[in-house]
Every structure is written in structure tokens, then in C-alpha cells.
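Contents: one structure, followed by commentary.
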Amino acid sequence: MRVLGIETSCDETGIAIYDDQRGLLSHVLYSQIPLHADYGGVVPELASRDHIRKTIPLIKQALLEADCTAADIDGVAYTAGPGLAGALLVGAAIGRSLAMAWNKPALAVHHMEGHLLAPMLEANPPQFPFLALLVSGGHTQLVGVEGIGRYELLGESIDDAAGEAFDKTAKLMGLDYPGGPLLAKLATQGDSKKYKFPRPMTDRPGLDFSFSGLKTSAANVIAKEGSSSQVQADIAASFQQAVVDTLVIKCERALQQTGYKRLVIAGGVSANTSLQQQLAQLLKRHGGEVFYPRKEFCTDNGAMIALAGYYRLAAGQQQDLTIGVTPRWPMQQLPAV
Ligand code: KG4
Ligand code: ZN
């Protein structure tokens, strides 16, 4: 079975073709970052319009690179939520219509399920069950995963997502949008023990997170210490360590609570090397293993959507002819496979 995947939920147009026998045949990505950089964040209307310009040319490119034609595609999967309504509608309208024109089934994919399953594209995929830490620009969630569509939400952020905290703190430091990866780069030059940032909600029981206070602490330090390049690097390193420590503490708690020995990390922030290393150490202490996608599949991409769509289409699930999106969509509402 061969599936075309379309991702347009935010500021990247990602297209991929996944074949269940041969794996990923092609994947192409167009990032809108330069388009939004002048505004310091994603402008939803500009995002939608750019997806309109890029999606069909990228589908043609992905078909060409996979050396196949529309006739070789057995199903179309597109991100239907969560995300920006207008941006999602572009991928949904194109994906659903192409599937109808090609007389093939279509599947509306949940973006976070895409992230969660992305490590399955790697050479050593995780077996079920596992604990998943989903850390992106819009979500921070701990999920118990018994199988595809068998998700238990164990904890989540009550305010900002981890990626959002990285981006907002980076912005306060004068770094370009999206600041997460730039802050992480700066952190490699800094002393992570220099400034004492809080580890929010770790002093009480439970698996929820709160990251909105961290940027206020960072703003106070920036105001007090100025912004020489060494101060900036030390703030970046100390801030990153506070986020990583918080995530590690909650993951350890969730592992103890559930008894799982495998941890999957996915979503944009899972590209953070420091987070990957410190979670690997945690799982080593627990006699378990950590799994994450290759770097380019940590952030938004079409490959994870093609893969998630494949699992559901192969199980006989499909979308009716309605072109619809679900900008707010709890992952626990998904049917099991
Ligand atoms: O999954 P993603 O591409 O988009 C959403 O679904 O939100 O995640 C993007 C987020 C942004 O907040 C970005 O700053 C963050 O992931 N991010 C990072 C790193 N790379 C991307 N945060 C920290 N360290 C990184 N290396
Ligand atoms: Zn994402």
C-alpha cells in the first residue's frame, strides 16, 4: 500500500509518499519561516495563502522523486487538526479532493498522532506499549500508548507549551523567530548553572506542566544582567536546563506510575540534543530505552502524516466526502486501530 501524506497545519508545507513494503519513497518540505520572520511569529492568513501556492507543486515533486504517478497511490492522508484552521483547510481541501478525483480513500490525520508515530519510520522502532512525551510549539503532553489510537493522557501543560516557552524566551533575548533552535545553539556556549530558574510544578504531585512563568524569570534576569554575549549564552543554557530538568522529572514520575520501560519523545522540541541526552540517561537508569525520530522528522513534516495515515487506511478506516478540519482535537478521541 502506498500513501500520499500532506501536512499544512502551521508554517511548513510537508509532502511525502510512504510505501508499506519499501518505506519512505520521497519527502519534501517547504518552510515558511522567512515569510513570518519579519512579524516575529506565524501570521495565519499568510500561512494559508502560502500553503495554497506550495502544496500542489510539492505533491508533483514528491511523485516525481518517488518515481510514481497518481495511479500508484492507494490513499491520501492529510493533517486535519490540531492547528491553524485556514492552513489546515488548504491541505484538507487538496487532499480530500485529490483522493476523490483518483477514486482512492482519504484519511484525516491528527497532527500529534503523526508526531507520536514518527519514530516508527526509523530503523529501530519502539514496540507498544510505551510512554510518549509530546513536546511541540503548541503541545506538551505525557501520553500512555498501548497501541495506535489507544492513548491515555497522563499530563499536559496548563499554559504555554515547551516549544512556546523556548520561542518566547528567545524573543525576549532578541533572537529571530522561531527562537527555539537558536536558543539551543546559544546554550552550547553557556553555563547552565549560572542562573537559577524555577522547575515549575515539580514540587507537587501530578504530571501536569506549566511553562509560562519561566519566560518572566528570564525577562527579570535579562533586565538585571544586560545582554552581553556571555550573559545571553548563560541565560540560554540555564533556561534550557530548567526546561529539560522539568521534563525529565515528570517523565521519571510517569515511568514509575505506569511501569513502562520505553519512552518516545516527539514534536519540535524533541530535536533538542540536551533533552535527548538527559532522557537517554534517565531511561538507562531505569533499564529502558528512549526513541526519537531523526532530526528532520522531529519538527513538522509530511512523512509522519503519510505513516499515520497508512496505519489507519490499512485498517480500513477512511474519511467520508466532507472536507473538514478540527483545529482543536483531543487525541484521546481517535478510534483504536
Ligand atoms: O512540532 P513543531 O515543528 O511544530 C508544532 O507542531 O508546533 O515544533 C516547533 C517547536 C517550536 O517551538 C521550536 O522552537 C521548537 O519546536 N524547537 C526546538 C528545537 N527545535 C525546534 N526547541 C528547542 N530546541 C530545539 N533544538
Ligand atoms: Zn508539529
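Keep in mind the model is a prediction, meaning the values are calculated, not measured. Remember, it's 1-based here, ligands and their atoms both numbered in the order they're listed. For the single chain, residues carry numbers from 1 onward in sequence order.
- Considering backbone and side-chain atoms alike, Asp300 places an N or O below 3.5 Å from some N or O of ligand 1.
- The shortest contact between atom 7 (O) of ligand 1 and any protein heavy atom is with Gly137 N, 2.8 Å.
- Residue contacts with ligand 1: Asp167 is placed with a nitrogen or oxygen under 3.5 Å of a nitrogen or oxygen of the ligand (distance criterion only).
- With sequence neighbours left out, His111 forms a ring pair (Phe, Tyr, Trp, His ring centres under 6.0 Å) with His115.
- Residues Leu35, Val43, Leu46 make up the rest of the hydrophobic cluster containing Tyr39, defined by ILVMFWY side-chain heavy atoms closer than 4.5 Å, directly or through other members.
- Excluding waters, the set of protein N, O or S atoms lying under 2.8 Å from the Zn ion (ligand 2) comprises His111 NE2, His115 NE2, Asp300 OD1.
- Among protein heavy atoms, the minimum distance from atom 24 (N) of ligand 1 is reached at Asn272 ND2, 3.0 Å.
- Under 4.0 angstrom from ligand 1, the non-hydrogen atoms of His115 all belong to its side chain.
- For the pair Ser270 (side chain) and Gln276 (backbone), a donor-acceptor distance under 3.5 Å is absent.
- Salt bridge Asp19/Arg2: present, at least one basic N to carboxylate O contact under 4.0 Å.
- Evaluated by nearest non-hydrogen atom to atom 19 (C) of ligand 1, the leading choice among Ala161, Ala170, Gly268 is Gly268.
- In the candidate list Pro181, Cys10, Gly83, Ser274, Pro181 is nearest to atom 25 (C) of ligand 1, counting heavy atoms.
- Any N or O atom pair closer than 3.5 Å counts here, and Gly163 shares at least one such pair with ligand 1.
- The aromatic rings of Phe239 and Phe166 sit perpendicular, their planes meeting at an angle over 60°, well past the 30° parallel limit.
- Per-residue contacts place Gly138 under 4.0 angstrom from the following atoms of ligand 1 (heavy atoms of the residue considered): 7 (O).
- For ligand 1 and Ala184, the ligand atoms under 4.0 Å from any heavy atom of the residue are 24 (N), 26 (N).
- Residues Leu142 and Val135 are members of one and the same hydrophobic cluster, defined by side-chain heavy-atom contacts under 4.5 angstrom among Ile, Leu, Val, Met, Phe, Trp and Tyr.
- Here the heavy atom of the protein found nearest to atom 6 (O) of ligand 1 is His111 NE2, 3.1 Å.
- Under the 4.5 Å side-chain heavy-atom criterion for ILVMFWY residues, no single connected hydrophobic cluster contains both Leu64 and Ile56.
- No donor-acceptor pair closer than 3.5 Å links the side chain of Glu152 to the backbone N or O of Gly144.
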**OP:** Evaluate side-chain contact (heavy atoms from CB on, under 4.5 Å) for Tyr78 paired with Thr8, printing each intermediate quantity in order.
**Re:** CA-CA 8 Å; Tyr78 53 88; Thr8 65; over 6 Å; no

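- Looking at Arg312, its side chain never comes within 3.5 Å of a backbone N or O of Ile148 through a donor-acceptor pair.
- Screening residues 160-181 for side chain to side chain donor-acceptor pair (under 3.5 Å) gives Asp11-Tyr177, Asp160-Lys168, Asp160-Lys215, Glu164-Lys168 as the qualifying pairs, with residues at least two apart or on separate chains.
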